[in-house]
Every structure is written in C-alpha cells, then in structure tokens.
Protein chains: 2
Amino acid sequence: MPETAVQLDVETRQRLLNVAAELFAEHGFNHVTIREICQAAGANLAAVNYHFRDKLGLYKEVVQMAADAMNKFKAEILDTVEPQPPEERLRGYIRLTLHRLLDPHQESWMEKLIARETTDPTPAIDLIIEKGIKPTVERNGRMVGELLGTTLDDPRVWQCFLSVQGQCLFYKMSMPVTLRMAPPGFQYTSEVVDALAEHVYQFSLAGIRALAAQPAPPQMGWRS
Amino acid sequence: MPETAVQLDVETRQRLLNVAAELFAEHGFNHVTIREICQAAGANLAAVNYHFRDKLGLYKEVVQMAADAMNKFKAEILDTVEPQPPEERLRGYIRLTLHRLLDPHQESWMEKLIARETTDPTPAIDLIIEKGIKPTVERNGRMVGELLGTTLDDPRVWQCFLSVQGQCLFYKMSMPVTLRMAPPGFQYTSEVVDALAEHVYQFSLAGIRALAAQPAPPQMGWRS
DNA sequence: ATCGACTTCAAACACCTGTATAAATCATAC
DNA sequence: GTATGATTTATACAGGTGTTTGAAGTCGAT
C-alpha cells in the first residue's frame, strides 16, 4: 500500500480544486471548460477525470468546500459577536457579514459560488443547504429572537432574520448592477461598507423593535 | 415592396421571441440551444439566424423585451400607488411588487431573466439598466424621500429604497433555497405573500422612520 | 536494480453547438 | 400565370466540449 503516492496526487488534486473553485465561482459551471481548469492548474487534461471521475464530480467537491467554508465563516462571525449585548451583536453581525461579502480585498470565490447556486441551483445545492446554511440557522435565530423577545417558533424570528440577511445578500447579489448605477469610480471601500452596515443596522433594529411591539400571527417555521 | 411578407415573418419572429424568452429565463443563455428554441417554436433551425442574425441577437431582443416589460410593470405599480398617502404608497408598492415576484400564477420569465442578468450580467445588462431601472429611479426615490422628509440628494433615500427593494428581490432570488428550507408543501400562496408583504412593510416603515430621525451623513448618490 | 502501485501524459473519440449556404416553398404584384 | 422577393427548409461545416484510452513516467518498497 503505497500511501506516499497519495501525497503526490493530493497536490495536483488540491491545485485542481483551488483553481476550479475560482473559475467556477467567476464564470459558472458551464462557462468553464476542463481544459481551462487543467491548464490553469498546470495539470494534464485527463487529471480531472482521474481524480474526480468527471467535471461534475469536481464541481460537487468544490461546492462541498464552499459549504464548509460558509459554515465555518458564519460560525466565526457568531462566535465573535456572541459575548456582546443583543444590539451590538446584531450590529457586529451585519458589519462582519457585509465586509465579508463586499470588501474587494476578500477572497470571495465562496460567496460568488454560493450566490450562483442560490439563484440557479444545480444538484449540488443540497450540500450548501445541509452543510452551509442549516447548521447556523438556530444560532442566527437566537440572535434575532433575543431582540424580539421571543423564541424560535415565533414566525417573526425568521421573517426578521431574512429581512436582515436579505439586505446584506442583496447588496452582494446585485453588485454588478449597483456598480453600474453608482457614480463612476465608486468602490466598496472599507469606509463605504462600514457606512452601509451602519445603515442596515439602524434600519433593521428599528424594524425588529417595531415588530416586537406587535402580536405574532400564527404561521409556519423552518425545516430543521 | 412586399410588406405583407413582413406580416408572415412577424409571426414566427414573435413565436421565436416568446419561446426564447421563457427558455432563456428558465435555463440561462448558455443552457439553451438554438435547436431547442426553434423546435419549441415550430421553426426551422436557420430561423434564428435569418431573423436575428445570431443567437446573441435573439437574446438581446429578448432582454430588450424584458427591460420594457419591467419598466412598464414598475410604472404601473407606481401609478396605482401614487394617489395614496405616503405610508399606504409604500405598503402598496411592497405588496404589488412581492405578488408580482412571488405569485406562482404570474408569468415570471421577465423577473427570472432580469435576476439572471443582475447576478451574472451579459453585455445586455446595459439595456436593462437604461430601459428598465433608470426610468423609475426618480419616482422610487420620491416615494421613500417623502417618508424620510428629505429630497433625492439625501443618501438615505437610496439606502432606504435599496433596503426595501433588497428585501423584496431577495425573496425572489433566494426562492430556490427558501423552498427547500421551508416545510414540505410550502408554497407562496396569495395569503402567504400578503403576510410577507405586511411584514416587509412594517419592518421597512419602522426602519425608514428611525433613519428620518437622524442627520444624514454626506455621501454619494446615483448616476442618472 | 527491479517490481508494482499510482499518477501523468498525449492523442483520439464521439458528440453537440452555432453558423452558413443553397435549394425549395410561399405569397404577392404585374 | 409568371416573375420576384421574402421566408422556410434541409444539409453541411468548423470549432469546441467532456470523456476515454493506452502508453509513459514516477517513486517507494523489496
């Protein structure tokens, strides 16, 4: 059993995964050819088929990476924010999320790929949901629930959370349009993102508080 | 000058446009083949080349249709809503928008196609921006501006508008994921959308009012 | 040094795609 | 009815795609 040979292939395997992640995120599954990936990774054309059976096998593994990264990243944000009081927790969550999403300095292949799968899912979307989204649903809900003064089964919890998350993700997803609508030379600098985050925070906190003052209508929750 | 001949080709031309609109919206530019379109439209393979020069020519014309439809649709909503007092105007805007976006009974190829171009633009995105978005920017801004008690050059106007629009569009764009996260059998029925709209309205109105109480930070506006 | 595994390589295959072309068909105008 | 121009048809082409294959290479264990 020569397991050093595995060492070697791990190298090109990883190289393929890294290159493929960026290319898939940037151009989408169908816009990227195996030949491009292999050339960029300095590997032979047949490498993808050898290591991942086929193009879709490679893609699925890339999505898996993205889901794991997303989970880790969301958990990090929540860890950072959790010791603070509820209001500051929300503010921090929004700020960190937006920076992660919008800062041009951030590696963002993961977000791009997930945005792609969100609006235009492939069979790999289940991976993202199971490993990237569901694990943090509860913690996210608690963050909002505390501000609302209710528990997770209150429908307002996920409605409000979606309103917050929606604003953040919308800025990411509509970036190509926003950049064309904004004045020439506009960029999401750190200061701009900070200001944006502050706006979303103020806006959302007021929204949450307003809804906290109302009775909850009976409605459905989330699958867990 | 045989101009009745034009009549005839208008027919297959229109048939091609209609079929292509749905297919492009559903599967994206690269997932749809000319052969599929022509077969679905009952036209010959060469029909696309004859009537639209090439595949991209057809696509651009479809996007043009979508941009016009979007402009018209947004204008209709604003027309419907404009005579009402500011709060009801916002509520109606959100309700009509969400119904248009989420109701499964609505023809939604236009929204799907625009969502596609928003997150993943082709050269045709400019058409959407120029003919679909920009014409209504000012009216949208006025709607929010009135609630804020400021004018269009106040950066809070478009920030708040984007927060509202962002929530609405987010529900549309993340529909594939939402449907998987929601309980089995969940659908965007008219009642569900109404409830959702009411939430977005309450949430956003509170957000806007909260920001109206603060001084505006100096910042950039929109390209016009 | 040799064996045997794992890995890489170059080439080819089969398929599908957008596009072009020339013949056939159609509807109208004279 | 025939000529004319617009439209449709069938077919062919050139390029690119994912995938396969068998030979060559690599490297550690014996």
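Per chain, numbering begins at 1; letters A, B, ... match sequence-line order.
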query = When you measure from every atom of DNA chain D, which of residues 27-43 of chain A have a heavy atom less than 4.0 Å away?
reply = A:V32, A:T33, A:I34, A:R35
Spacing between A:R15 atom CZ and C:dT8 atom C1', to the nearest angstrom = 11 Å
Residue list, side-chain contact (heavy atoms from CB on, under 4.5 Å) with B:I129, at least two apart or on another chain = A:V177, A:R180, A:M181, B:I125, B:I133, B:K134
key: Separation of atom CG in B:L23 from atom P in C:dT17, rounded to whole Å   = 13 Å
request  = May I ask you to evaluate whether A:T12 reaches the phosphate of C:dT8, defined as a side-chain N or O under 4.0 Å from OP1 or OP2?
outcome  = yes
Quiz: residues 92-99 of chain A side-chain donor-acceptor pairs under 3.5 angstrom, not counting sequence neighbours:
unit_1	atom_1	unit_2	atom_2	d
A:Y93	OH	A:Q165	OE1	2.8
A:T97	OG1	A:Y93	O	2.6
A:H99	ND1	A:D103	OD2	3.2
A:H99	NE2	A:D194	OD1	2.7

Sub-3.5 Å pairs of nitrogen or oxygen atoms, protein against nucleotides 21-25 of chain C:
none

key: Any residue meeting side chain to side chain donor-acceptor pair (under 3.5 Å) with A:N18, in chain and number order, not counting sequence neighbours   = none
ask   = What's the CG-C1' distance between B:D54 and C:dT17, to the nearest Å?
value = 13 Å
ask   = Just how far, in rounded Å, is C1' of C:dC16 from CG of B:L45?
value = 12 Å
ask   = Quick one: B:E11 CD to C:dA27 P, roughly how many Å, whole number?
value = 11 Å
message = Distance check needed: C:dT7 C1' versus A:Q14 CD, whole Å only.
response = 17 Å
remark   = With sequence neighbours left out, the residues meeting side chain to side chain donor-acceptor pair (under 3.5 Å) with A:D120 are B:R116
request  = Calculate the interatomic distance between B:Y50 atom OH and D:dA10 atom P; express it in whole Å.
outcome  = 17 Å
task = In whole angstrom, give the distance that lies between atom NZ of A:K55 and atom P of D:dG16.
result = 15 Å
message = Strictly below 4.0 Å, N to O, side chains only: are A:E11 and A:R15 in salt-bridge contact?
response = no
inquiry  = For B:R100 and B:M110: C-alpha separation, side-chain torsions, deciding distance, then whether side-chain contact (heavy atoms from CB on, under 4.5 Å) applies.
reply    = CA-CA 10 Å; B:R100 172 79 199 191; B:M110 165 191 121; 4.1 Å; yes
inquiry  = Can you list everything that forms a side-chain contact (heavy atoms from CB on, under 4.5 Å) with A:K55? Sequence neighbours excluded, please.
reply    = A:F24, A:F29, A:I34
key: With sequence neighbours excluded, residues passing side-chain contact (heavy atoms from CB on, under 4.5 Å) with B:K112   = B:A25, B:E26, B:S108, B:K172
key: Under-4.0 Å side-chain N/O to phosphate OP1/OP2 contact, B:H51 with D:dA6   = no
note = Residue set satisfying side chain to side chain donor-acceptor pair (under 3.5 Å) with B:R139, at least two apart, ordered chain then number -> B:D79, B:E82
